[in-house]
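Worksheet: the structure to be examined is printed underneath.
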Amino acid sequence: MVMFSATWPLAVHHLAQEFMDPNPVKVVVGSEDLSANHDVMQIVEVLDERLRDKRLLALLEKYHKSQKNRVLVFVLYKWETTRVEKMLQQGYYATIVAIWVGKRCQ
């Protein structure tokens, strides 16, 4: 059996011990001494569903107006990526592309 996890918190470690050998093998790609890039600004906002599109457009206007900044927008569901992609493409962001695991490139 093989399990994959992007992180190795205690809960994941316990889960691996429960379903696998008592001493699971941990494979690390890269370094365990990772830290956030200090040149990247992350903004997390939890909003009412009805306010999300308007707020996203306001943030893009503020941070992407010069088109020198790169912007990543994370959504919870795959179907939501398509909705947000189309909403932004209908506005001023015709070159936006939604990506997710399993999506076929067009």
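Just so you know, these numbers come straight off a predicted model, no measurement behind them.
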Q: Indicate yes or no: at least one non-hydrogen side-chain atom of Leu59 is less than 4.5 angstrom from one of Val73.
A: no
Q: Determine, stepwise, if the pair Asp53 / Arg83 fulfils side chain to side chain contact (heavy atoms under 4.5 Å, CB included).
A: CA-CA 10 Å; Asp53 289 351; Arg83 188 195 67 75; 2.9 Å; yes
Q. Judged by atom type as modelled, is there a donor-acceptor pair below 3.5 Å linking the side chain of Arg52 to the main-chain atoms of Leu47?
A.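 Confirmed, Arg52 side chain pairs with Leu47 backbone.
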Q | Polar side-chain atom of Glu85 near backbone of Ala98 as donor-acceptor pair, under 3.5 Å | A | yes
Q) For the residue pair Met87 and Leu56, what are the closest heavy atoms and their distance? A) CE-CD2, 4.1 Å
Q: Working to the nearest 0.5 Å, report the span between OG1 of Thr82 and CD of Gln89.
A: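 Going from OG1 on Thr82 over to CD on Gln89, the span is 10.0 Å.
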Q | Contacts of Phe74 that satisfy ring-ring contact (aromatic ring centres under 6.0 Å, His included) - sequence neighbours left out | A |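 Applying ring-ring contact (aromatic ring centres under 6.0 Å, His included) to Phe74 gives none.
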Q.
Suppose we screen for side chain to side chain donor-acceptor pair (under 3.5 Å). Which residues come up paired with Glu49, at least two apart in sequence or across chains?
A. none
Q) Residues two or more places apart in sequence or in another chain: which of them pass salt bridge (Lys or Arg N to Asp or Glu O under 4.0 Å) with Asp39? A) none
